[in-house]
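Let me begin by presenting the structure, written as C-alpha cells, before commenting on it.
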Amino acid sequence: MICLGIESSCDETSLALVRDGQLLDAVLATQADIHALFGGVVPELASREHYRFIGPLFDVLMERTGLAAADVNVVAVSRGPGLLGSLLVGTAFAKGLALGTGARLIGINHLHAHLLAAGLQEPLRFPSLGLLVSGGHTHLYRIVSPRAWEQLGRTLDDAAGEAFDKVAKTLGLPYPGGRLLDALGQRGDPVPHLFPRPYIDNDTLDFSFSGLKTAVSGYLGEHPEHTAVAGKLRAVEDAPQALCDVCASFNWAVVDTLRIKTERALDRHPDINTLIVAGGVAANTLLRAEMTALMQRRKGRLILPSPTLCTDNGSMVAYAGWLLADRGCEHALDFETIPRGRRIPDDMRCVE
C-alpha cells in the first residue's frame, strides 16, 4: 500500500510517499526567507506560496520515485490545526487527487502526525506518553494506538516554541530565532534563578509560557546591552559570554518546565515506560539531552525523531496516513478543514 502525505499547515509545503511503512521519498519547499522579511509568518503570503509550490512538488516526487498518480492507494493530508488558508490549499489538492484517482482519503491531525513520525525510524510501542513541543502547541498525550489518543495537558497561552520565537525577536535575532537561541545557549552557562519556570507550582499537566516571555522581556528592557549586541551578531561564535548566559538561562527555564510536567505525567501513568518527544522544539539540543537523561533515570525508552522529522514535513503525514489506512480508516470527500483554536473531530470511518 502506497500513501501520499501532504503537509501545508503553516509555511512549509511538503509531500512524501510511504510504502508499507517505509519512506520512499519526500520533497519540501520552505518559505522561511520570505517570512523573515516580516519577522514572522504572514498567512496570506503563506497560502499563496503553497498554491505555487504544491503542484510542481507533486510532479517532482512522482518523477523521482518513478510512480504515477494512479499508483497511490491513499492520500493523507494535514487537515489541522494550522493556518486556514494554508490548510485549504493542501486539502483541496488532496481531495482533487483522491477524486480523480479513486484513492482513499484521510484527513490527518497535524499534532498526532508529529508524534507518530518517530515510527519511521524505530518501532512504536503503545501505550506511550507523547510530548509535542512546537511553535503553536505544547501538549502531553497518552497514546493508546495511532487511532486512540487522550490529551493529558495543553498550552494555556503561549506555546514553548512561540516563547522561543518571541524572545528571539525581542533580542533582535533574525527569523526564525529559536535555532539561534539554542545555538547561543549551548555556548553559555544557565543561571537557574534568572528566569522563572512557569506554571509548575500546581498539580496539573498544562503549560503556560506567557509569564516567562514577559519576565525575559522585562529583563532585557533593564539590560539593553544584550539586545544591542544580539541585533548586530554576524556569527554565533562572536557572541559575548553574557549574552550566551542569558540565552542558556531562558533555554533552561523552558526545558526544565517541560521536564517537570513530563515526569509528573509519567508518575501518574505507571503503565507507560515509553516517551515520544516531537515537534519543532524537539530539535532543541538541551531538550533532547534532558529527556534522554530523564528516561535513563527511569529505565524507560525514549523515542526522539531526527531533527529533519521534528519540523513540519510530508513524511509524518504520509506515515500517519499509512498507519490509519492499514487499520481500515478513511474520510469522505466533505471532511472539514480545521484552523488552529478548534478541536479536530474524530470523524473517520474505520473498520476497527
Side-chain angles (χ1 to χ4, degrees), residues 3-18 25-38 40-65 67 69 72 74-114 117 134-137 175-176 279-280 311-322 324 330-345 347-348:
C3 180
L4 170 71
I6 301 171
E7 162 59 30
S8 67
S9 64
C10 189
D11 62 340
E12 309 278 17
T13 315
S14 182
L15 289 81
L17 286 166
V18 165
D25 203 352
V27 291
L28 180 144
T30 181
Q31 305 174 19
D33 289 345
I34 294 174
H35 299 292
L37 298 172
F38 304 93
V41 177
V42 181
E44 178 63 24
L45 289 178
S47 58
R48 291 182 183 183
E49 289 299 290
H50 286 305
Y51 179 78
R52 185 165 70 92
F53 283 131
I54 196 166
L57 283 176
F58 176 75
D59 292 339
V60 169
L61 182 62
M62 293 296 109
E63 182 179 354
R64 282 180 13 181
T65 56
L67 298 173
V72 175
V74 182
V75 179
V77 60
S78 287
R79 67 180 299 196
L83 302 175
L84 182 58
S86 295
L87 290 166
L88 285 170
V89 174
T91 53
F93 188 86
K95 289 180 179 182
L97 189 61
L99 182 63
T101 63
R104 276 193 283 168
L105 177 67
I106 300 181
I108 299 296
N109 185 319
H110 173 86
L111 308 183
H112 295 178
H114 267 299
S134 69
H137 301 86
Y175 173 87
T311 55
D312 293 346
N313 61 88
S315 303
M316 69 184 193
V317 179
Y319 185 66
W322 177 82
L324 292 169
E330 65 179 317
H331 272 109
L333 280 169
D334 61 352
F335 77 79
E336 189 179 4
T337 304
I338 309 295
R340 182 180 171 186
R342 286 182 50 195
R343 187 182 68 85
I344 296 179
D347 53 2
M348 281 185 293

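We use all heavy atoms of the structure for the numbers below, so side chains are in, but hydrogens, waters and symmetry mates are not. All figures in this text were calculated on a predicted structure; none of them were measured in a lab.
- With sequence neighbours excluded, the residues satisfying ring-ring contact (aromatic ring centres under 6.0 Å, His included) with F58 are F93.
- W322 approaches C3 most closely through the heavy-atom pair N-SG, 3.7 Å.
- T13 places no side-chain N or O within 3.5 Å of a backbone atom of I54 that could act as its donor or acceptor partner.
- R48 is linked by a side chain to side chain donor-acceptor pair (under 3.5 Å) to E44, counting only residues two or more places apart in sequence or in another chain.
- Proximity of a side-chain donor or acceptor of S14 to a complementary backbone N or O of N313 within less than 3.5 Å is not detected.
- Side-chain atoms of E7 come within 3.5 Å of backbone N or O of S9 as a donor-acceptor pair.
- Across S315 and V18, no two heavy atoms sit closer than the pair O-CG2, 4.4 Å.
- Atom OG in S8 sits 9.0 Å away from atom CG in L15 (nearest 0.5 Å).
- For the pair I6 and A94, the tightest heavy-atom approach, listed with the atom from each and the gap, is CD1-CB, 3.8 Å.
- Atom CD of residue E336 and atom CG of residue L87 lie 11.5 Å apart, to the nearest 0.5 angstrom.
- No side-chain heavy atom of V72 sits under 4.5 Å from any side-chain heavy atom of L67.
- Atom CD1 of residue I106 and atom CG of residue L4 lie 11.5 Å apart, to the nearest 0.5 angstrom.
- Looking at L333 and L99, their side chains come closer than 4.5 Å, going by heavy atoms from C-beta outward.
- Under the salt bridge (charged side-chain N to carboxylate O under 4.0 Å, His left out) criterion, E12 pairs with no residue, sequence neighbours left out.
- L88 is linked by a side chain to side chain contact (heavy atoms under 4.5 Å, CB included) to L84, T91, T337, counting only residues two or more places apart in sequence or in another chain.
- Among residue pairs with one or both ends in residues 78-103, those qualifying as salt bridge (charged side-chain N to carboxylate O under 4.0 Å, His left out) are R79-D347; sequence neighbours excluded.
- Looking at S134 and D312, their side chains never come closer than 4.5 Å, going by heavy atoms from C-beta outward.
- Note that the SG atom of C10 and the CG atom of L83 stand 5.0 Å from one another [nearest 0.5 Å].
- In this structure, the side chains of P81 and R342 stay at 4.5 Å or more apart for every pair of heavy atoms.
- With a 4.5 Å cut-off on side-chain heavy atoms, L111 and I344 do not count as touching.
- Separation of atoms CG (L324) and CD (E330) is listed at 11.5 Å; rounding is to 0.5 Å.
- Using modelled atom types, one side-chain atom of R64 and one backbone atom of A26 make a donor-acceptor pair closer than 3.5 Å.
- Not counting sequence neighbours, the partners of H331 by the ring-ring contact (aromatic ring centres under 6.0 Å, His included) test are F335.
- We find the CE-CG distance between M348 and N109 to be 9.0 Å, quoted to the nearest 0.5 Å.
- Looking at every heavy atom in both residues, A76 comes nearest to I108 through CB-CG1, 3.8 Å.
- When all heavy atoms are compared, the tightest approach of P43 to S86 is O-OG, 4.5 Å.
- Between S47 and V89, the shortest heavy-atom distance links the atoms O-CG2, 3.6 Å.
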